[in-house]
Amino acid sequence: MDAVKTRFAPSPTGHLHVGSARTALFSYLLARRTGGTFLLRIEDTDRARHQEEAVAQIVEDLRWLGLGWDEGVGVGGPAGPYVQSERLTIYRDAVQRLLDAGKAYYAFESAEELDALRAAAEANKQAFRYVRPDPLPSRADADRAAAEGRPVVVRLLCPGQDVTIHDEVFGDVTIPAEQQDDFIIQKADGYPTYHLANVVDDQAMGVTFILRGQEFLGQTWRHKLLREAFGYPEPRYAHLPLILDMQGKKLSKREGSVDVFSFRRAGYLPEAMVNFIALLGWSPGTKEERFTLAELEAQFSVERLGKANAKFDRDKLLAFNTDAIAAASPERLLAAFKDFLSVNPEAPMAGQSDETLRRVLEVTVGFRTFQDVIDKAGFIFLPDEAIAYDEKAVQKVLAKNDGEGWAMLQTLMPVLREAEWSAEALEKLLNGICEQQGIGMGKVAQPIRVAVSGTTISPAIFDTLVLLGREKTLARIDRCLSRHG
RNA sequence: GGCCCCAUCGUCUAGUGGCCUAGGACACCGGGUUUUCAUCCCGGCAACACGGGUUCGAACCCCGUUGGGGUCACCA
């Protein structure tokens with residue numbers, strides 16, 4: 001395929017949603033695959049919804065995923081600015097051109113009047129369509145309405161013909177003329193609507209291939225009509241099937257944890273996220289399932305995009321993450337873990353040295369997310385007083401069989417006090433005790449585990465003790481023993 | 001409700017008329033490794049929504065039904 005120019009154009013309403021992340025990913029991949037360019041534009045034409053931090057959050061999320069852009073916000077380019085609220089005069093000029101050409105006109109209905117018409121249409125079981133006034137209001141009419149305090153908007157004068165969209169995923173889709181009406185292109189506050197700004201910018205910025213969610217497919221007729229009115233050429237379109245939650249509903253922010261930042265905070269690797277998301281609506285056509293970003297850049301193609309909506313299966317994401325962690329080098333893992341801690345500053349091991357962190361990662365091998373590392377080894381870094389004893393663990397491991405666990409701890413105290421403090425030496429020592437008493441390792445390791453962690457979950461016991469240190473180990477066993485009395 | 005779109009295991013999907021007694025992955029179930037929790041290894045269960053056509057032959061083509069989703073804003 002020839003080099004294409006794609007774009008990702010989110011509106012700043014918070015962190016990057018996984019659906020948006022996939023749109024960004026595919027747009028990025030298509031640009032890379034064709035040797036084209038990928039640009040980032042911010043569509044902030046809604047003054048009410050605008051969130052100040054959102055742009056920075058989206059940029060951060062894209063960077064975390066590893067999706068760099070060649071042009072746009074933060075990096076500049078020939079068609080800037082790349083934030084729509086800074087391009088208002090461009091849109092106003094564009095609207096004026098349409099007005100001058102008689103392809104758009106003013107309208108003054110209030111929101112209440114429109115709502116009433118909509119309600120009436122619905123009561124009548126009919127779809128609401130704006131009825132074009134005849135004759136069309138003049139500029140003087142608009143000025144008068146404005147003077148009376150009425151809202152003045154601009155609507156596009158639609159030709160009233162069926163419009164067919166050529167979509168690379170869904171094929172030709174025709175929207176009947178009866179379904180169209182003269183939609184608003186400039187709001188009463190002077191801001192352009194999404195449709196107007198989007199079309200004007202895609203043209204101004206040279207975008208040749210538009211990838212976006214399927215929810216826009218039924219509205220693309222507006223963009224095509226706008227382009228015809230301006231005399232713009234048509235770009236190529238590829239609408240992506242939607243990502244639904246496991247209940248089959250559209251993934252919404254309200255249900256929580258569906259933005260990439262929440263997965264970052266939960267201890268997922270960006271490479272796993274990218275790999276998993278890439279397979280939602282796209283398939284390489286082979287049995288291969290694990291891909292790096294670079295491999296995706298080499299293999300992605302719009303021909304292999306599917307049409308059916310996909311459900312977002314967290315279990316599968318978890319499996320991808322497990323594999324990505326297993327495949328990561330120690331250095332990569334350390335860097336990712338530190339990134340995780342940077343967004344989880346309250347974590348017990350936040351602030352520990354690289355050496356310690358590396359060690360923690362080693363002894364917790366098998367973890368599926370970085371949160372698992374905290375769940376499994378976080379107690380080591382807690383103050384001794386913060387260790388809470390799980391009643392069931394205490395019962396099962398210490399109290400059962402006439403308190404044989406407690407007895408074991410009593411036996412162990414003096415031994416550990418004199419022990420050489422290394423994993424090898426400790427292992428040898430405890431193995432000796434097992435042989436001597438003719439018992440299994442569980443009988444000695446478990447009581448120690450519960451005493452030091454409060455639970456039956458920890459890294460291998462020798463590693464745990466070494467990381468904890470002799471002093472804390474003895475203090476915790478002592479504390480556990482004294483609680484028993 | 002009008003319009004648009006979609007339809008293979010519970011989930012993501014492979015499959016473009018014969019290579020399909022439908023393949024892979026996740027989940028699930030069973031077993032194994034293990035000082036805990038995990039990881040890991042082995043095995044198993046499991047789908048072409050339904051009904052009509054077309055064809056020598058249909059998961060693949062056509063029509064209908066059903067089901068699901070999207071969209072009908074001065075939000076994007």
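By convention in this document, chain letters (A, B, ...) are assigned in the order of the sequence lines, proteins followed by strands, and residues within each chain are numbered from 1. FYI, side chains are in, hydrogens and waters are out, and symmetry mates aren't considered; it's all heavy atoms of this structure.
Closest-nucleotide positions on RNA chain B for A/Asp46 and A/Pro284 were compared, and the one nearer the 5' end corresponds to A/Pro284. Residues A/Ser110 and A/Ala319 both approach RNA chain B. Their nearest nucleotides, taken by heavy-atom distance, put A/Ala319 toward the 5′ side.
B/A49 is paired with B/U65 under the criterion used here, namely a Watson-Crick or G-U wobble arrangement in which both key atom distances are under 3.5 Å. Pairing partner, B/C28: B/G44, with both Watson-Crick or wobble hydrogen-bond distances short of 3.5 Å. B/G2 is paired with B/U71 under the criterion used here, namely a Watson-Crick or G-U wobble arrangement in which both key atom distances are under 3.5 Å. Under the Watson-Crick or G-U wobble criterion, with both distances below 3.5 Å, B/C9 is left unpaired in every strand shown. The partner of B/U39 is absent, by the rule that a Watson-Crick or G-U pair needs both atom distances under 3.5 Å.
Shown here are the salt bridge (Lys or Arg N to Asp or Glu O under 4.0 Å) partners of A/Asp44, two or more places apart in sequence or in another chain: there are none. Residues meeting the ring pair (Phe, Tyr, Trp, His ring centres under 6.0 Å) test with A/Phe183, sequence neighbours left out: A/His195, A/Trp221.
Residue A/Glu289 is classed as a base contact, given a heavy-atom separation below 4.0 Å to a base. Heavy atoms of A/Glu113 sit nowhere under 4.0 angstrom from any nucleic acid atom. Contact annotation for A/Ala188: base contact, defined as any heavy-atom pair under 4.0 Å involving a base atom. Residue contacts shown for A/Lys287 are limited to sugar-phosphate atoms, with no base heavy atom under 4.0 Å away. No contact: A/Arg129 has no heavy atom under 4.0 Å from any strand. Counting non-hydrogen atoms under 4.0 angstrom, A/Phe276 reaches nothing in the nucleic acid.
For the contact set between residues 430-438 of chain A and RNA chain B, defined by any heavy atom under 4.0 Å, there are no members. Taking a 4.0 Å limit (strictly below) on heavy-atom distances, residues 159-178 of chain A reaches RNA chain B at A/Phe170, A/Val173, A/Thr174, A/Pro176.
For A/Gln219, a side-chain nitrogen or oxygen approaches OP1 or OP2 of B/C72 to under 4.0 Å. Dashed line: the shortest gap from a side-chain N or O of A/Arg118 to OP1 or OP2 of B/A73 is under 4.0 Å. Look at A/Lys316 and you won't find any side-chain N or O under 4.0 angstrom from OP1 or OP2 of B/U11. Between B/A14 and A/Arg304, a contact under 4.0 Å exists linking OP1 or OP2 to a side-chain N or O. Side-chain N/O atoms of A/Lys307 include one lying less than 4.0 angstrom from OP1 or OP2 on B/C6.
By the neighbour-count criterion of 12 heavy atoms within 6.0 Å, atom CD of A/Glu295 is densely surrounded, having more than that number from other residues, nucleotides or ligands.
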query: How does protein reach along nucleotides 32-46 of chain B, written 5' to 3' as B (base within reach of a heavy atom under 4.0 Å), S (only sugar-phosphate), or - (no contact)?
result: ---BBBBSS------

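Put simply, the side chain of A/Val444 does not reach to within 4.5 Å of the side chain of A/Thr411, judged on heavy atoms.
The separation between A/Tyr194 atom OH and B/C74 atom C1' is 16 Å, rounded to whole Å. In this structure, CZ of A/Arg41 is placed 12 Å from C1' of B/A76, rounded to the nearest angstrom. If you measure from atom CG of A/Leu114 to atom P of B/C74, you get 6 Å, rounded to the nearest angstrom. Between A/Arg290 atom CZ and B/A25 atom P there is a gap of 10 Å when expressed in whole angstrom units.
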Would you tabulate the nitrogen or oxygen pairs shorter than 3.5 Å linking the protein to nucleotides 59-69 of chain B?
residue: B/G69; atom: O2'; partner: A/Asn309; partner atom: ND2; Å: 3.1

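Salt-bridge check for A/Arg132 with A/Asp181: failed, with every basic side-chain N at 4.0 Å or more from each acidic carboxylate O. Between A/Glu43 and A/Arg41 there is a salt bridge, since a side-chain N of the basic residue sits under 4.0 Å from a carboxylate O of the acidic one.
Seen from the ring of A/Tyr130, A/Arg155 counts as a face-on cation partner, given the 6.0 Å and 45° thresholds.
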